[in-house]
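Sequence positions, counted from 1, serve as the residue numbers for this chain.
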Amino acid sequence: MILITTLTDAAAWPAAAIAALYLRPREIELRFDDVKTTLGMDLLRGRSPAIAEREVALHRIAYNLIRLLMQRAAGSAGAGGISVHRLSFKGTLERLRHSGQRLLETASAAAHRRVLTDLLASIARDPVPLRPGRHEPRQRKRRPKAYPLLPCPRHAVPLPEPRRRRTAKSS
């Protein structure tokens, strides 16, 4: 690997440290992927700017609440000091969806704390493995369908003409 940098002090900036930083996954790209793909914000459904702003704000609130839950799971006593960056956003979201109904149905504060403690422990028990040098190509696994996009409401689309059956010519 050849890296060119303007950092000239080799004692303060060893080449191995710079290379390690370069190879580390870029956290911001991973977080954008969490928001767009996992939370389903890759396509905004609002048709007006005001609704789109509300949609973005709602996704931002949901993202921050899930990240807060991950932070609490990383700092919980049973986690053993695991880094929050090692916890899976998607895994946390799935566990929250699974435990969410139980959290809403608990009547007593003690039962609510027990469910929350179990949820935090479940999140912390399943860290993402360290995968240095992992290559994440920006490609889709599935090809888009060959159908054109629907440009208007379904009821406004004209019905296709019926196909005529071919008949065998008799001689």
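- Atom CD1 of I4 sits in a sparse spot, with 12 or fewer heavy atoms from other residues, nucleotides or ligands closer than 6.0 Å.
- The closest side-chain heavy-atom distance from T38 to I66 is not below 4.5 Å.
- Atom CG in L120 sits 5.5 Å away from atom CZ in R72 (nearest 0.5 Å).
- The distance from atom OG of S108 to atom CZ of R114, rounded to the nearest 0.5 Å, is 6.0 Å.
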Discussion item. With side chain to side chain contact (heavy atoms under 4.5 Å, CB included) as the criterion, how do E94 and K90 come out once you've worked through the C-alpha distance, each side chain's angles and the decisive distance to 0.1 Å?
Written reply: CA-CA 6 Å; E94 288 174 5; K90 185 171 183 171; 3.4 Å; yes
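- For the pair A124 and A73, the tightest heavy-atom approach, listed with the atom from each and the gap, is CB-O, 3.6 Å.
- Note that the CD1 atom of I61 and the CG atom of L65 stand 7.5 Å from one another [nearest 0.5 Å].
- A distance of 8.5 Å separates OG in S48 from CD in E53, rounded to the nearest 0.5 Å.
- With hydrogens and angles ignored, the 3.5 Å screen pairs a side-chain donor or acceptor of R45 with a backbone N or O of L43.
- Nearest approach of I82 to P127, heavy atoms of both residues: CD1-CB, 3.2 Å.
- Between the side chain of E55 and the backbone N or O of G46 there is at least one donor-acceptor pair closer than 3.5 Å.
- D118 and R102 make their closest contact through OD2-NH2, 4.0 Å (heavy atoms, listed as atom of the first residue, atom of the second, distance).
- In terms of heavy atoms, T106 sits closest to H112 at OG1-CD2, 3.4 Å.
- Expressed to the nearest 0.5 Å, how far CG of L116 lies from CZ of R113 amounts to 10.0 Å.
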Discussion item. Test side chain to side chain contact (heavy atoms under 4.5 Å, CB included) on L39 and Y63; report intermediate values, then the result.
Written reply: CA-CA 8 Å; L39 287 180; Y63 175 81; 3.9 Å; yes
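- Taking both residues in full, the closest heavy atoms of R95 and D126 are given as NH2-OD2, 3.1 Å, listed atom of the first, atom of the second, then distance.
- I123 and L87 make their closest contact through O-CD2, 3.5 Å (heavy atoms, listed as atom of the first residue, atom of the second, distance).
- For the atom pair NE2 of H59 and CE of M41, the computed distance is 6.0 Å after rounding to the nearest 0.5 Å.
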